[in-house]
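This is a predicted model, so every value here is computed, not measured. Order of the sequence lines sets the chain letters (A, B, ...), proteins ahead of strands, with each chain counted from 1.
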Protein chains: 2
Amino acid sequence: MTETPPRRDHGVPAAVPRVRLVDVAREAGLSKTTVSAALNGTGRLSPAVRERAREVARRLGYRPNPTARLLRAGHARLIGYAVGEYPTGPGSYMDSPYFTQLTSAIATTALRHGYALVLLPTGSSPDEWADLPLDAAIVADPLADDPLVEGFIAARIPLSSDRSVEGRSGTHWVDVDAEAAVREVLDHLRAQGARRIAVVAPDTPTSFYTAALDAYRRWCAEQGATPLVTLSTRPGNGPAVEAVERSLTTPDRPDALFMLTEANPPLVLDAARRLGLSVPADLLLVCASEDTSAAHADPPVTTLSLQPVSVAEKGVELLVAALESGSLEPTGALVRTRLEIRTSSERGGEPAGGAALRRRGRQEAEYTSAPPT
Amino acid sequence: MTETPPRRDHGVPAAVPRVRLVDVAREAGLSKTTVSAALNGTGRLSPAVRERAREVARRLGYRPNPTARLLRAGHARLIGYAVGEYPTGPGSYMDSPYFTQLTSAIATTALRHGYALVLLPTGSSPDEWADLPLDAAIVADPLADDPLVEGFIAARIPLSSDRSVEGRSGTHWVDVDAEAAVREVLDHLRAQGARRIAVVAPDTPTSFYTAALDAYRRWCAEQGATPLVTLSTRPGNGPAVEAVERSLTTPDRPDALFMLTEANPPLVLDAARRLGLSVPADLLLVCASEDTSAAHADPPVTTLSLQPVSVAEKGVELLVAALESGSLEPTGALVRTRLEIRTSSERGGEPAGGAALRRRGRQEAEYTSAPPT
DNA sequence: TTGAAAGCGTTACCAA
DNA sequence: TTGGTAACGCTTTCAA
């Protein structure tokens with residue numbers, strides 16, 4: 001006989017009492033075990049029984065309880081995700097194309113490996129996610145002594161983050177090769193004839209920007225050049241544009257600008273234009289940005305991509321590998337950036353307007369104008 | 001005596017056998033019940049015992065198993081989130097400021113109500129999330145007969161989406177008032193002197209764009225004006241800019257442009273400039289966009305905000321209210337858009353460059369240039 | 001004040 | 001081939 005436990009509802013008033021495995025079993029005149037095997041395609045069951053169990057389950061609208069399965073399975077296939085940067089400021093990290101692409105790619109990659117991503121609040125305390133059945137976590141751009149990072153490590157939850165966690169048990173890191181990236185940009189600008197290369201960078205302790213500024217200063221020292229650094233103190237396009245204006249109106253007016261601060265490239269061009277500077281004739285421009293508008297700007301803007309997709313993939317892969325193998329061995333990887341050279345940083349490049357005029361030549365036939373009513 | 005069940009490891013090789021409640025109980029010489037009460041602050045325990053239990057738990061590094069608590073509690077406080085638009089195209093929905101702000105706001109609002117968001121893949125089949133213990137789901141901009149929407153409804157998982165789910169049991173909808181939005185924009189442009197208002201819209205079946213185009217055509221009919229519609233067929237800034245160029249080179253050249261397609265506003269200005277059109281003197285411009293660069297463009301661009309934050313808040317609130325009350329009663333809400341009028345749509349507005357020249361006057365002292373090395 | 005035992009809903013082992 | 005029973009780890013009722 002199958003047991004018939006009396007149901008004692010507790011908690012939220014359940015509108016419809018959920019159909020459980022026992023309910024299906026009772027209705028089908030089978031045992032829980034048999035029905036479970038039938039639905040999961042496991043065990044050795046006669047086709048007739050299997051089909052009957054399935055039919056009854058379908059008829060009753062049975063849905064296995066995910067939480068119960070999770071408890072049995074011992075893992076939830078859930079990865080927590082948080083971004084450490086800009087803990088306070090207005091406008092979340094989602095305003096940055098770098099972070100949106102990173103977030104999107106992490107979610108996609110995790111999903112491909114069978115894990116779903118749980119969005120955690122920036123700057124939250126470890127207690128808030130203690131009730132979530134997370135198998136692992138990813139913290140992008142952690143703050144110094146990030147409470148989230150420390151919390152996950154203390155909870156022995158495998159963690160993927162940046163180089164600041166290097167070597168700690170159960171952690172994995174991915175970082176961008178800032179040194180190489182900066183050198184590539186500066187060497188490129190110098191080869192194009194730039195002699196006074198200014199940099200606009202955000203005033204954050206984020207590892208990439210710190211490392212990038214260090215690399216810039218080293219490069220300047222090697223070249224015997226004067227570092228020209230302007231800091232943008234708050235996130236957002238407004239402050240970034242102001243920083244550009246300040247940078248370009250310096251006594252020793254630069255002949256090239258390397259925007260490390262993430263800003264909308266057309267806006268940077270606007271700023272230069274307002275100051276009477278023609279890009280690339282008077283000013284070479286390179287923007288560290290993932291903004292797709294760079295390619296369509298006038299002139300198209302050279303960008304340094306921090307390759308958020310690669311960072312995401314590597315971070316997830318290291319984490320998943322450790323998860324599957326059960327290893328606590330820390331691992332890490334360095335990702336190469338990508339310099340996409342466009343007109344804005346090529347001495348002798350076409351001035352603004354050129355590309356557009358050409359484009360107007362091959363007007364497409366897709367135009368649809370509704371007829372007069 | 002406390003039971004001492006032999007641990008039989010199964011599944012992934014656990015590097016460190018997790019500390020369970022019984023382990024703490026045994027070590028402290030107490031029962032599971034007592035330790036549980038001590039840690040949760042429930043029951044009536046002597047301060048001494050409570051402290052001892054806590055001390056032992058701390059010493060052993062005990063972490064309650066979230067899944068087990070969830071099974072008891074009957075809910076996971078997890079909300080699934082997916083976006084239906086652009087199921088195939090390259091570049092995810094995360095490329096759009098509207099969706100990033102929506103996503104960010106939904107996550108924040110949900111968290112504030114005690115729910116965490118689980119990112120689901122766009123266009124996934126219902127099987128893929130069947131193992132996730134979701135209490136509810138949100139599908140932004142669902143496709144027609146979206147499999148995700150149908151799956152959630154079939155699984156009796158409370159759902160928040162757009163108006164297409166209106167009236168179905170356990171569903172909630174939030175939509176933007178497209179009709180009112182379009183009328184406000186067109187009336188504004190007409191009041192500024194526009195007579196031939198062109199529209200560029202994406203070629204998607206998304207409810208907002210469909211409704212907006214309908215409203216535009218109705219308005220034109222009322223005014224006895226000719227609808228001038230150009231469709232941008234693919235997502236992204238490139239196709240949007242091309243559509244703008246097509247729209248502005250029409251035989252009956254428009255004197256105002258209403259960009260429904262989400263594009264980077266400075267890029268739209270660029271396109272107009274390349275065609276020899278000065279904004280706002282020759283062309284009034286309004287962009288439906290959440291892009292913050294609109295305010296900093298030259299001239300600043302008037303935007304129609306679809307208020308993703310309001311949409312997010314309302315959607316989550318309706319869902320949470322239903323979750324807490326256990327009601328299956330469908331609910332819904334209409335959100336008002338917001339027209340942010342700037343120079344680009346004001347006849348007689350300041351030409352490009354003006355704002356910047358003023359700004360250069362009050363140069364700030366924040367500039368930091370490193371001294372020569 | 002403390003603790004034994006009964007669930008929560010599922011899957012896996014092993015006996016019938 | 002099928003089914004009883006014992007976990008998974010926790011909270012809670014109820015009896016001592």
Side-chain angles (χ1 to χ4, degrees), chain A residues 1-12 14 17-26 28-53 57 60 62-76 130-133, chain B residues 1-12 14 17-26 28-53 57 60 62-76 130-133:
Chain A
M1 282 288 96
T2 317
E3 75 273 43
T4 310
R7 301 211 68 186
R8 189 166 24 79
D9 267 15
H10 64 283
V12 187
R18 254 188 95 95
V19 178
R20 298 158 304 168
L21 193 59
V22 275
D23 300 323
V24 178
R26 192 179 323 103
L30 296 167
S31 78
K32 294 195 300 180
T33 312
T34 307
V35 176
S36 174
L39 298 180
N40 291 328
T42 57
R44 295 163 297 280
L45 269 49
S46 71
V49 168
R50 182 158 306 214
E51 189 40 51
R52 179 149 53 97
L60 263 41
Y62 168 73
R63 308 269 168 175
N65 179 323
T67 309
R69 311 184 89 163
L70 260 32
L71 181 59
R72 276 274 4 171
H75 58 251
D131 278 339
L132 297 175
Chain B
M1 281 289 96
T2 316
E3 75 273 43
T4 311
R7 300 209 70 187
R8 187 167 26 78
D9 268 15
H10 63 280
V12 187
R18 254 187 95 96
V19 178
R20 299 159 303 168
L21 193 59
V22 277
D23 299 323
V24 177
R26 191 179 323 103
L30 296 166
S31 76
K32 292 198 303 179
T33 313
T34 307
V35 176
S36 174
L39 298 180
N40 291 329
T42 58
R44 292 163 298 283
L45 269 49
S46 72
V49 167
R50 179 155 308 204
E51 189 41 50
R52 180 149 54 95
L60 263 41
Y62 168 72
R63 307 269 167 177
N65 180 321
T67 309
R69 310 184 87 164
L70 259 34
L71 182 57
R72 275 269 7 167
H75 58 252
D131 277 341
L132 297 176

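Side-chain atoms of B:T33 come within donor-acceptor range of the base of C:dA4, with a qualifying N/O pair under 3.5 Å. On a pure distance criterion of 3.5 Å, no polar donor-acceptor pair joins the side chain of A:S36 and the base of C:dA12. Interface remark: the B:S46 side chain does not form any donor-acceptor pair with the C:dT2 base, using a distance-only criterion of under 3.5 Å. In the interface, the side chain of A:R72 is not paired with the base of C:dA12 through any donor and acceptor atom under 3.5 Å apart.
Spacing between atom CG of A:D23 and atom C1' of C:dG9 amounts to 10 Å, rounded to whole angstrom units. For the pair A:L39 CG and C:dA12 P, the interatomic distance rounds to 13 Å; values are reported in whole Å. Here the C1' atom of nucleotide D:dT1 and the CZ atom of A:R50 are 11 Å apart, to the nearest Å. Between the CZ atom of B:R26 and the C1' atom of D:dG9 there is a distance of 13 Å, rounded to whole Å. With rounding to whole Å, B:L21 atom CG is found 13 Å from D:dC8 atom P. In this entry the distance linking NE2 of A:H75 with P of D:dG9 reads 14 Å, nearest Å. Rounding to whole angstrom units, CG of residue A:L71 and C1' of C:dT10 are separated by 8 Å. Rounded to whole Å, atom C1' of D:dT2 lies 15 Å from atom NZ of A:K32.
For A:A76, the side-chain contact (heavy atoms from CB on, under 4.5 Å) partners two or more places apart in sequence, or in a different chain, are A:L70, A:L78, A:P133, A:D135. Taking the side-chain contact (heavy atoms from CB on, under 4.5 Å) definition, one finds that B:D131 meets it with A:R69, sequence neighbours left out.
Between A:R20 and the phosphate of C:dG9, there is a side-chain N or O to OP1/OP2 separation shorter than 4.0 Å. Between B:R69 and D:dT11 there is a side-chain polar atom (N or O) within less than 4.0 angstrom of OP1 or OP2. Distances shorter than 4.0 Å separate none of the side-chain N or O atoms of B:Y62 from OP1 or OP2 on D:dG9. Dashed line: the shortest gap from a side-chain N or O of A:N65 to OP1 or OP2 of C:dC8 is not under 4.0 Å.
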Notebook entry, point to check: How far apart are the C-alpha atoms of A:L39 and A:Y62, what are their side-chain angles, what is the distance that settles it, and do they pass the side chain to side chain contact (heavy atoms under 4.5 Å, CB included) test?
Noted result: CA-CA 10 Å; A:L39 298 180; A:Y62 168 73; 3.5 Å; yes
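Closest of all the heavy-atom pairs between A:A53 and A:L30 is CB-CD1, 4.0 Å. In plain terms, the two heavy atoms of A:P66 and B:A130 that are nearest each other are CG-O, 3.7 Å.
Both B:T34 and A:P64 lie close to DNA chain C; mapped to their nearest nucleotides by heavy-atom distance, the more 5′-ward contact belongs to B:T34. Across the interface with DNA chain D, nearest-nucleotide mapping of B:R44 and B:R63 shows B:R63 to be the residue nearer the 5′ end.
Checking side-chain atoms of B:R63 against main-chain N and O of B:R18 turns up no donor-acceptor pair under 3.5 Å.
One distance of note links CZ of B:R52 with CG of B:L45; it measures 10.5 Å at 0.5 Å rounding. Considering CG of A:L21 and NZ of A:K32, their distance stands at 7.0 Å, rounded to 0.5 Å.
Axis deviation across the helix from C:dT1-D:dA16 to C:dA16-D:dT1 amounts to 50°, comparing end segments of five pairs, rounded to 10 degrees.
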